[in-house]
Amino acid sequence: MAAVLGFAGVNVDGATVRINPSLPQHWQAVELPIVLRGETFRLRISRDEVTVSAAAANSSPVLFTVQDREEEACPPGGVLRLALTTALI
C-alpha cells in the first residue's frame, strides 16, 4: 500500500489532501480506497485526471488539491474531477 500511495502521490497536509502523482510509465491508472479521519473516498488517478469520489455516508467535506493548485472541497456523496496541468507521460 505504501508503494501505491507513493505512486499516487497522496499526502495529507493538515486539512488538505495533496495529490502529486508519479505513475510508473507502464501504468495507465491506479484506483484505490482511502480513509481520512473516518471519511471514506475512492481515488482514480490516470495520466491526465484525478477523480475523487466521496462516500455518501461521510459527515463533512474534505479539501483536495492536485499538483498544488487551488483546493477544492469534495462533499459527502460528491465527485471531483481534477485535470492534471502536466499530464503524466
Side-chain angles (χ1 to χ4, degrees):
M1 191 59 150
V4 173
L5 286 175
F7 292 132
V10 176
N11 182 20
V12 180
D13 179 16
T16 303
V17 180
R18 300 188 180 285
I19 303 172
N20 288 300
S22 179
L23 297 180
Q25 189 171 9
H26 60 280
W27 289 16
Q28 294 304 309
V30 63
E31 190 167 335
L32 59 139
I34 60 170
V35 178
L36 303 165
R37 294 182 218 94
E39 310 289 3
T40 304
F41 299 88
R42 177 159 292 282
L43 300 179
R44 183 177 192 286
I45 300 167
S46 69
R47 298 227 158 261
D48 58 359
E49 180 180 71
V50 174
T51 304
V52 179
S53 302
N58 288 358
S59 62
S60 61
V62 172
L63 296 174
F64 287 83
T65 182
V66 173
Q67 295 176 322
D68 295 321
R69 292 197 334 252
E70 186 175 333
E71 299 169 345
E72 294 191 43
C74 189
V79 175
L80 285 179
R81 285 186 172 74
L82 306 166
L84 296 173
T85 55
T86 304
L88 304 175
I89 297 173

TODO: Measure the CG-CG distance between L63 and D13 for me, rounded to the nearest 0.5 Å.
DONE: 11.0 Å
Open item on the list: Does any part of the side chain of L32, heavy atoms only, come nearer than 4.5 Å to the side chain of F7, both counted from C-beta?
Closed with: no
- [ ] Among C74, P76, P75, find the residue that satisfies the side-chain contact (heavy atoms from CB on, under 4.5 Å) test when tested with N58.
- [x] P76
Task: N/O donor-acceptor pair under 3.5 Å between R69 side chain and A83 backbone - done: yes
Task: From OG (S59) to CZ (R37), nearest 0.5 Å - done: 11.0 Å
Open item on the list: Could you check whether S46 and Q28, counting side-chain N and O atoms only, form a donor-acceptor pair closer than 3.5 Å?
Closed with: no
- [ ] Indicate, with yes or no, if L43 and L36 share a hydrophobic cluster defined by side-chain heavy-atom contacts under 4.5 Å among Ile, Leu, Val, Met, Phe, Trp and Tyr.
- [x] yes
- [ ] Identify whether L84 and V10 are in the same connected component of the hydrophobic contact network (ILVMFWY, side-chain heavy atoms under 4.5 Å).
- [x] yes
TODO: Report yes or no: do V50 and V79 belong to one cluster of Ile/Leu/Val/Met/Phe/Trp/Tyr joined by side chain heavy-atom distances under 4.5 Å?
DONE: no
Open item on the list: Measuring only between side-chain heavy atoms, which start at C-beta, is E72 closer than 4.5 Å to V52?
Closed with: no
TODO: For residues R44 and A29, report the shortest heavy-atom separation together with the two atoms involved.
DONE: NH2-CB, 3.6 Å
Open item on the list: Measuring only between side-chain heavy atoms, which start at C-beta, is I19 closer than 4.5 Å to P21?
Closed with: yes
- [ ] Output yes when a side-chain donor or acceptor of R42 lies under 3.5 Å from a complementary backbone atom of A55, and no otherwise.
- [x] no
Task: From CG (D68) to OG1 (T85), nearest 0.5 Å - done: 9.5 Å
- [ ] Following the transitive rule for hydrophobic clusters with a side-chain heavy-atom cut-off under 4.5 Å over Ile, Leu, Val, Met, Phe, Trp and Tyr, establish whether L82 and V30 coincide in one cluster.
- [x] yes
Task: Donor-acceptor pair, side chain of R47 and main chain of W27, under 3.5 angstrom - done: yes
- [ ] Examine distances only and state if a side-chain atom of E39 and a backbone atom of V62 form a donor-acceptor pair shorter than 3.5 Å.
- [x] no
